[in-house]
Every structure is written in C-alpha cells, then in structure tokens.
Amino acid sequence: MAAPLDDKTRSIVKACVPALEAHGLDITQEMYKRLLADPEIRDLFNMSHQKDGEQPKALALAVLAYARNIDTLGNLGGMVERITQKHVGLNILPEHYPFVGKALLGAIEHVLGDAATPEIMEAWAKAYWFLADVLIGREKQIYEEHEAAPGGWVGWRSFRVRSVKQESSIIRSFELTPTDGKPVMKHLPGQYLSFKLEIPEHGSQRRNYSISSAPSSDHYRISVRKEDGGVVSSWFHDAVREETELQVSAPAGDFVYDSANEQKTVFLSAGIGLTPFISAVDALSADEKKNIRFIHGAHAADTNAFGADIQKLAGSGVLLADIFFSAGVPSDATNASNVRYHAGRITNDWLTTQIDPGAVYRLCGPDAFMRDMVDTLKTAGVPVANIRYEFFGSAADAELLAAV
C-alpha cells in the first residue's frame with residue numbers, strides 16, 4: 001500500500017487547483033505530445049481519442065479532480081476503479097508508469113514556466129507516484145483475479161470470429177471463440193473486451209467493445225456500430241469475416257449489473273448504448289421475477305438493433321420495454337405484450353412521469369444523452385447512488401465525470 005502523502009505535499013497540490021483550472025488542458029496536451037513520441041507507448045492508446053481531443057480533456061479533468069480531492073481521496077474511488085479496469089484491458093504494466101510520470105511532470109514544468117518552482121515539482125512528483133502506486137496495486141489484484149478465474153488469462157489471447165450477424169443497417173455482431181479451443185472466463189454483464197488490432201495503413205490500434213452476449217464459458221459476442229470516418233469500426237464492418245483472428249484481453253470494466261442485489265432496474269440507452277444491457281437481460285429468465293424496465297432510443301427501424309430480441313424477452317415476461325424512434329414509429333411496429341413504441345426522442349418530460357425513486361437506473365449512450373438523463377433523474381429525486389452509467393469514450397464530459 002502506498003504511504004500517505006505528507007501535509008506539505010497535499011497543501012501544495014491543493015494550491016495548484018487554480019492553475020489546473022486555467023491550464024490543465026494545455027498541460028495534458030503537452031504531456032501526450034511528449035508521451036506519444038515513443039512508438040511503443042503510443043501503441044497503448046486509442047489514437048482516435050487523441051485526434052478528437054477527448055483523451056487530453058478527460059485526463060485534465062481527472063488531474064483536476066485529484067488535486068481538488070487530495071485530502072479526501074476516498075471520493076475518487078469510482079474514478080480510480082474505472083481507470084484501473086481500462087488499464088488492465090489494455091495490458092498496462094508497472095514499467096509503463098515512469099514514462100507517464102516523466103511526460104506529465106515535464107509538461108507541468110513546460111506549461112507553468114517560472115511558476116513551476118522546485119517545491120511545486122517535488123510535490124507533484126510525490127503526488128503522481130502516490131497515485132501510480134495505488135493504480136499499480138489495484139491492477140495487480142485484477143490481473144491475479146483474471147489469471148485465477150476458470151478460463152481466465154492475462155495479456156493478449158488469440159480469438160477467432162465464429163460468426164458474423166448484421167443486427168441493423170449500421171450495427172454488426174461478431175461472435176468470438178479462442179483459437180486454443182479452451183474455455184473462456186465468464187464475463188459479468190456490463191463488461192467489455194479490449195482489442196489489439198493491426199489495421200492496414202493505420203497500424204496498431206486499441207479499442208474496447210462492450211460484450212453483448214449473456215455470460216458463457218464458450219464464447220463472447222461484441223456488437224460494433226459503423227461510425228462515419230471510424231477507422232476501426234469501418235474495418236470491422238468491411239474486413240472482418242468468419243475465421244478472422246483477433247487479439248483480445250480478458251473481460252474488464254466496473255459497469256456491472258448485479259441481478260441479485262437489484263430488485264428494480266431501469267436500463268436507459270440510446271443508439272449503440274444498449275449493448276451492455278443486452279448482455280444483462282439475455283442472462284435473465286422470467287422465473288427470476290425481476291422488475292426491469294428497458295427504455296431505448298433509436299433513429300429508425302433500420303438502425304434499431306436487437307429489436308426482435310427485446311420483443312421476445314418482453315413477451316416472455318422478463319422486462320417491460322419502451323422503444324423510441326426519433327424518425328417516427330415504423331408502420332409495421334405495433335404495441336405488443338410488454339412493449340410500447342413511441343415517436344420522437346426520450347424526453348425529460350416523459351421520463352419524469354416514469355420515475356421510480358427505488359429503482360437503479362443504468363444509462364449508456366452519447367454523453368449529451370446521459371447528461372440530460374442524469375439531470376432529469378436527479379431533479380426527479382432519484383438518489384445519486386442509484387444512477388450509474390458507462391462511458392464509451394474517454395469520459396471527457398465534466399458534469400458526468402463529477403457525478404461518478
């Protein structure tokens with residue numbers, strides 16, 4: 001366990017909060033510029049988050065949150081767990097931390113200039129390595145859990161695409177089995193797989209995709225939306241076929257659905273955000289008598305994935321579903337047993353009429369959608385502890401990051 005930070009160090013870090021508020025993004029942009037100059041380190045990152053600026057912004061918010069909470073680090077437990085899970089998925093190791101520390105401290109000194117006194121730099125070095133030790137310790141625990149789990153593994157494991165299915169005009173599912181023919185570790189609904197990919201003309205890429213199948217010791221399934229200009233998603237749709245081999249790390253992520261401890265759950269999603277929820281509901285049966293609402297927003301029938309699956313689950317009594325189509329309800333969609341179709345988007349006014357303060361609300365979708373829904377739920381009296389959500393990107397939204 002990392003030794004606690006001394007009072008002087010914590011005082012100096014707290015005093016830097018105004019500087020981080022003003023220059024935090026400049027610091028993290030400079031840090032990544034330095035860090036990504038090393039090809040071996042660069043290959044550990046999702047470079048799309050560098051191009052759109054999400055990763056530097058997310059890190060700037062995380063560093064600011066660390067400085068603000070340096071006296072009450074327990075407030076950052078959720079953020080720390082999320083970071084360690086991401087790191088384990090990407091196979092980040094203790095030997096990578098010195099590179100990050102050197103780049104971060106160098107960036108602080110570069111951006112702050114004369115204001116970065118030796119005393120300030122010493123405090124930030126101590127603060128960085130304190131947090132690094134916390135992350136390394138937790139990551140070691142997770143790696144050990146993966147190695148000990150039936151079917152578990154550490155590092156990259158070779159998988160083969162067993163089948164490909166077109167779920168909608170823009171979403172395709174890929175069923176994966178290990179090439180060694182051995183069992184796989186059963187994932188927890190809500191977890192994701194991380195991939196190490198070599199994309200022609202784009203080199204090494206890293207991506208995370210939510211597991212969209214029920215827990216199994218035999219296979220995993222991911223469902224990928226083809227994004228406009230998306231290097232990896234386009235490659236999956238255009239080039240990945242049955243028998244394609246992929247390098248995969250063990251299931252990770254803390255956005256886990258615990259059916260035993262959630263008697264009432266509302267799954268609230270938009271677009272591709274439904275994938276972790278499909279994994280959860282596929283694992284349930286009507287005789288479990290769970291109180292589940294499934295609320296999902298899609299654009300149109302041709303982009304609505306897993307519609308038939310949801311209708312079947314609703315018909316068997318597993319859940320009650322409300323499906324929204326922003327382009328209008330398709331002509332062949334009629335309300336069925338436990339399924340209601342709506343025209344338009346999921347609105348704050350409508351959601352307010354559906355509030356159950358005792359339910360756990362699980363959200364996944366675009367950041368703007370989650371921000372609107374979180375605000376509505378909080379205003380309607382849902383306890384913050386009952387509002388949980390998953391980030392598909394880098395959690396670069398300040399409001400969302402502050403609520404986790």
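Minimum heavy-atom separation, His296 to Ser269: ND1-OG, 2.7 Å. Here the closest heavy-atom approach between residue Asn338 and residue Leu320 is recorded as O-CD1, 3.3 Å. The shortest non-hydrogen separation linking Ala305 to Leu274 is O-CD1, 3.6 Å.
In this structure a side-chain-to-backbone donor-acceptor pair under 3.5 Å is present from Asn335 to Tyr341. A side-chain donor-acceptor contact under 3.5 Å links Gln85 to the backbone of Gly253. Between the side chain of Glu144 and the backbone N or O of Gln141, no donor-acceptor pair lies under 3.5 Å. Side-chain atoms of Arg241 come within 3.5 Å of backbone atoms of Asp238 as a donor-acceptor pair (strictly under, hydrogens ignored). In this structure a side-chain-to-backbone donor-acceptor pair under 3.5 Å is present from Ser168 to Ile170. In terms of modelled atom types and a separation under 3.5 Å, the side chain of Ser11 and the main chain of Asp7 share no donor-acceptor contact. When atom types are taken as modelled, the side chain of Ser279 and the backbone of Pro189 share no donor-acceptor pair closer than 3.5 angstrom. Between the side chain of Ser233 and the backbone N or O of Glu227, at least one donor-acceptor pair lies under 3.5 Å. A distance-only check finds no donor-acceptor pair linking the side chain of His146 to the backbone of Val88 [under 3.5 Å]. No donor-acceptor pair under 3.5 Å is formed between the side chain of Thr376 and the backbone N or O of Asn348.
Distance check: Asp133 CG to Leu135 CG gives 9.0 Å after rounding to the nearest 0.5 Å.
Annotation: ring pair (Phe, Tyr, Trp, His ring centres under 6.0 Å) contacts of Trp153 (sequence neighbours excluded): Phe159. In this structure, the side-chain contact (heavy atoms from CB on, under 4.5 Å) partners of Leu104, at least two apart in sequence or on a different chain, are Ile27, Met31, Ile108, Tyr128. Among residues two or more places apart in sequence or in another chain, the salt bridge (charged side-chain N to carboxylate O under 4.0 Å, His left out) test is passed with Glu242 by none. Qualifying side-chain contact (heavy atoms from CB on, under 4.5 Å) partners for Val63, counting only residues two or more places apart in sequence or in other chains: Leu20, Leu59, Trp124. Applying the ring pair (Phe, Tyr, Trp, His ring centres under 6.0 Å) criterion to Tyr143, with sequence neighbours excluded, gives no partner residue. In this structure, the salt bridge (charged side-chain N to carboxylate O under 4.0 Å, His left out) partners of Lys126, at least two apart in sequence or on a different chain, are Asp6, Glu122. In this structure, the salt bridge (charged side-chain N to carboxylate O under 4.0 Å, His left out) partners of Glu243, at least two apart in sequence or on a different chain, are Arg160. For Glu139, there are no salt bridge (charged side-chain N to carboxylate O under 4.0 Å, His left out) partners two or more places apart in sequence or in a different chain. Among residues two or more places apart in sequence or in another chain, the ring pair (Phe, Tyr, Trp, His ring centres under 6.0 Å) test is passed with His342 by Phe324, Trp350.
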Test ring pair (Phe, Tyr, Trp, His ring centres under 6.0 Å) on Tyr389 and Tyr361; report intermediate values, then the result. CA-CA 8 Å; Tyr389 35 84; Tyr361 285 78; over 10 Å; no
Side chain to side chain donor-acceptor pair (under 3.5 Å) assessment of Thr179 paired with Ser158: CA-CA 6 Å; Thr179 57; Ser158 179; 3.2 Å; yes
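Within the structure, every pair that satisfies the salt bridge (charged side-chain N to carboxylate O under 4.0 Å, His left out) test and touches residues 149-158, not counting sequence neighbours, is listed here: Arg157-Asp180. Here salt bridge (charged side-chain N to carboxylate O under 4.0 Å, His left out) pairs that include residues 292-315, with residues two or more places apart or in two chains, are Arg293-Asp322. The salt bridge (charged side-chain N to carboxylate O under 4.0 Å, His left out) analysis of residues 349-359, with sequence neighbours excluded, yields the pairs Lys264-Asp356.
Side chains of Arg225 and Ser223: a donor-acceptor N/O pair is absent below 3.5 angstrom, by distance only. With hydrogens and angles left out, the side-chain atoms of Ser194 and Asn208 include a donor and acceptor closer than 3.5 Å. Thr177 and His219 form no side-chain donor-acceptor contact under 3.5 Å, judged by distance and modelled atom types alone. Using modelled atom types, one finds no donor on one side chain facing an acceptor on the other under 3.5 Å when comparing Ser213 with His187.
Surrounding CD of Glu119 are at most 12 heavy atoms belonging to other residues, nucleotides or ligands under 6.0 Å away. Atom NE2 of His299 has 12 or fewer heavy atoms from other residues, nucleotides or ligands within 6.0 Å. More than 12 heavy-atom neighbours from other residues, nucleotides or ligands sit within 6.0 angstrom of NZ on Lys226. Counting heavy-atom neighbours within 6.0 Å of Asp228 CG, excluding the residue itself, gives a total of 12 or less.
Between Glu262 and Arg362 there is a salt bridge, since a side-chain N of the basic residue sits under 4.0 Å from a carboxylate O of the acidic one. Salt-bridge formation is detected for the pair Glu81/Arg138: a Lys NZ or Arg NE/NH1/NH2 atom is positioned less than 4.0 Å from an Asp or Glu carboxylate oxygen. We find that Glu145 and Lys140 are not joined by a salt bridge, their nearest charged nitrogen and carboxylate oxygen being 4.0 Å or further apart. Between Asp282 and Arg221 there is a salt bridge, since at least one side-chain N of the basic residue sits less than 4.0 Å from a carboxylate O of the acidic one.
Figure legend: Lys186 and Tyr220 shown without cation-pi pairing, the cationic atom not lying both under 6.0 angstrom from the six-membered ring centre and within 45 degrees of its axis.
Residues Asn291 and Gln263 have side chains not in contact (no heavy-atom distance under 4.5 Å, counting atoms from C-beta outward).
The aromatic rings of Phe255 and Phe277 sit tilted relative to each other, their planes meeting at an angle between 30° and 60°.
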